[in-house]
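Everything on this sheet refers to the single structure shown next.
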Amino acid sequence: MKKMNLSRAENPCFLLLLVTFQVIFVLILYRGSSSVLFQGYLKVRKSLDYSKSEDVYINLSLFTPAPDKATMQTCKPQSDIIVGLLTITFDTLHSERTIIRKNPYVRSGGCYSPPHCLARYKTAIIVPYRNCEKQLHHFLYYLHPFLQRQQLSYCIYLIHQAGSGPFNRAKLLNVGVHEALKDNDWDCLLLHNMDLVPENDYNLYVCDEYYPKHLSTAIDKLYYRLPYSSFFGGVTALTPDHYMKINGFPNTYWERLGEDDDIAERYYLLKSYNIQASIKSLQTLFEEK
Ligand SMILES: *[C@@H]1O[C@H](CO)[C@@H](O)[C@H](O)[C@H]1NC(C)=O
């Protein structure tokens, strides 16, 4: 992930930045068969040449509407236009007009479904927000094509906190999930800080069925390393079912660091709960025999 750089004096988002400890990206190493694991590793290492990256809009125009909606096929498991490293820069600020022009298939409300195939995953992107218009432009300019490259059906929900009182990120996330679930039966809730932009389109914005997933484990400003092992801030993905099981997020962190850690603890408890539940079901299986 690439983190936006903004100075305190000129940016109203400073507090938001402070509250939201940062991000990203997970390089998904594709799995070779076990016998060629090592070669597979070398191959991946070689392809991660940071001097070469592609424009985030490259080849998106290959996705053209299917001639007949009724007979449209399900999308391929892996998109044809995935390239890996993307060129991300915050030097140019793109206008809203440009963003709209470059994303012709995005519907009003910030939603998209692939025009050429039936999406395999439906992901809601939930973004806590307050008065950071510049950041918003950078974020949307890169995130829309990034999600389209992965053939997702998605909506981006900006959850704006009114007024100038203390910022409450976790509460905004709760509101976002609540609103998103009214619209659609999403496969995945993707909780996203707005100052982080993914740098590699192999970092798939889909959920793991079993556990919440941390997508921003490597952030440029943090030297692509986790600041501490239980760090779970920035960008995470969980299913609506996980969300219900952890009883949502804490509403009580106003302008304070720590809500990330509270959420991480909930994820951790969910994990041990799931492990215990599977042990229990195994035990019942044995008892029945
Ligand atoms: C874009 O698509 C063309 C045609 O499929 C392909 O030859 C080219 O390699 C693609 N470019 C990138 C950067 O993936």
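Whatever order the structure lists them in is the order used to number ligands and atoms, beginning at 1.
Scanning the protein heavy atoms around atom 5 (O) of ligand 1, the nearest turns out to be L62 CD1, 4.1 Å.
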For this session: Applying side chain to side chain contact (heavy atoms under 4.5 Å, CB included), run through R107 and S113 and close with a yes or a no.
Result: CA-CA 9 Å; R107 302 187 297 276; S113 300; 3.6 Å; yes
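Within 4.0 Å of atom 7 (O) of ligand 1, not a single protein heavy atom is present. Less than 4.0 angstrom separates atom 11 (N) of ligand 1 from at least one non-hydrogen atom of the protein.
Neither the backbone nor the side chain of I81 comes within 4.0 Å of ligand 1, counting heavy atoms alone.
Aromatic ring centres of Y57 and Y141 lie closer together than 6.0 Å.
For the 3.5 Å distance criterion, the side chains of Y154 and N184 fail to qualify, holding no donor opposite an acceptor.
For ligand 1, the atoms lying closer than 4.0 Å to a non-hydrogen atom of V83 are 14 (O). Close approach of ligand 1 to E54 is summarised as follows: ligand atoms under 4.0 Å from at least one heavy atom of the residue are 13 (C).
With D201 as the partner, the side-chain contact (heavy atoms from CB on, under 4.5 Å) test is satisfied by one option alone out of I81, L147, L86: L86.
Considering backbone and side-chain N/O atoms, N59 comes within less than 3.5 Å of an N/O atom of ligand 1.
Distance CG/L173 to OG1/T236: 7.5 Å, rounded to 0.5 Å. Between H192 atom NE2 and I156 atom CD1 the span is 8.5 Å, to the nearest 0.5 Å.
Not a single heavy atom of D80 sits closer than 4.0 Å to an atom of ligand 1.
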